[in-house]
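A short worksheet on the structure shown next.
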Amino acid sequence: MQLTLVTLKEHHDEIRNTFNYRSPEPLKGTNNKIKAIKRASFSFHSFFRFRTRVLYTLRIQTKKSSNH
C-alpha cells in the first residue's frame with residue numbers, strides 16, 4: 001500500500017492533468033500508437049527498451065531524464 005501511495009504522489013501532476021481532458025480522444029490516439037509500437041517491436045527482449053521507444057516516440061520526458 002505504501003508503494004501505491006508513493007507512486008501516486010510522484011505522478012500527481014500527470015494524474016491531475018488527465019482529468020482536464022473531457023474527451024478521451026487524445027488518450028485513444030496515444031494507446032493506438034503504443035499498440036502499433038508493441039506490434040512492430042515484438043523482438044525487444046527488455047521492457048526498458050520498449051518503454052524507452054514509447055517515450056521517445058511520444059516525446060515524453062520523464063522526471064529522471066529531464067534532470068540530467
Side-chain angles (χ1 to χ4, degrees):
M1 187 61 141
Q2 293 295 329
L3 181 61
T4 303
L5 293 174
V6 169
T7 302
L8 288 173
K9 286 180 183 177
E10 286 179 4
H11 299 287
H12 180 264
D13 295 335
E14 293 87 353
I15 294 169
R16 188 184 61 207
N17 287 337
T18 60
F19 293 108
N20 291 336
Y21 294 109
R22 294 183 184 227
S23 173
E25 297 304 319
L27 186 58
K28 287 182 181 180
T30 301
N31 286 340
N32 191 26
K33 285 181 184 179
I34 292 172
K35 287 179 184 180
I37 294 168
K38 187 176 178 182
R39 283 192 301 270
S41 61
F42 63 90
S43 63
F44 285 154
H45 294 288
S46 75
F47 178 75
F48 178 75
R49 287 183 182 225
F50 173 71
R51 179 180 176 272
T52 303
R53 174 64 66 164
V54 169
L55 294 175
Y56 178 76
T57 302
L58 298 176
R59 294 185 178 102
I60 297 174
Q61 288 187 346
T62 62
K63 291 180 181 178
K64 289 181 181 179
S65 67
S66 63
N67 290 337
H68 294 291

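The analysis underlying the following values was restricted to heavy atoms, covering all of them including side chains, and did not include hydrogens, waters or symmetry mates.
A chain of hydrophobic side-chain contacts below 4.5 Å, direct or via other Ile, Leu, Val, Met, Phe, Trp or Tyr residues, connects Ile34 to Phe47. The hydrophobic clustering, which links ILVMFWY residues whose side-chain heavy atoms are closer than 4.5 Å, places Phe48 and Ile37 apart.
If you take OG1 on Thr57 and NZ on Lys33, they are separated by 8.5 Å, rounding to the nearest 0.5 Å. In this structure, the separation between OG1 on Thr7 and CG on Leu3 is 4.5 Å, given to the nearest 0.5 Å. To the nearest 0.5 Å, atoms CD (Glu14) and NE2 (His12) are separated by 10.0 Å. The CE atom of Met1 sits 6.5 Å away from the OG1 atom of Thr4 when rounded to the nearest 0.5 Å. Taking OG1 from Thr30 and NZ from Lys28, the interatomic distance works out to 12.5 Å, rounded to the nearest 0.5 Å. In this structure, NZ on Lys9 lies 12.5 Å from CD1 on Ile15, to the nearest 0.5 angstrom.
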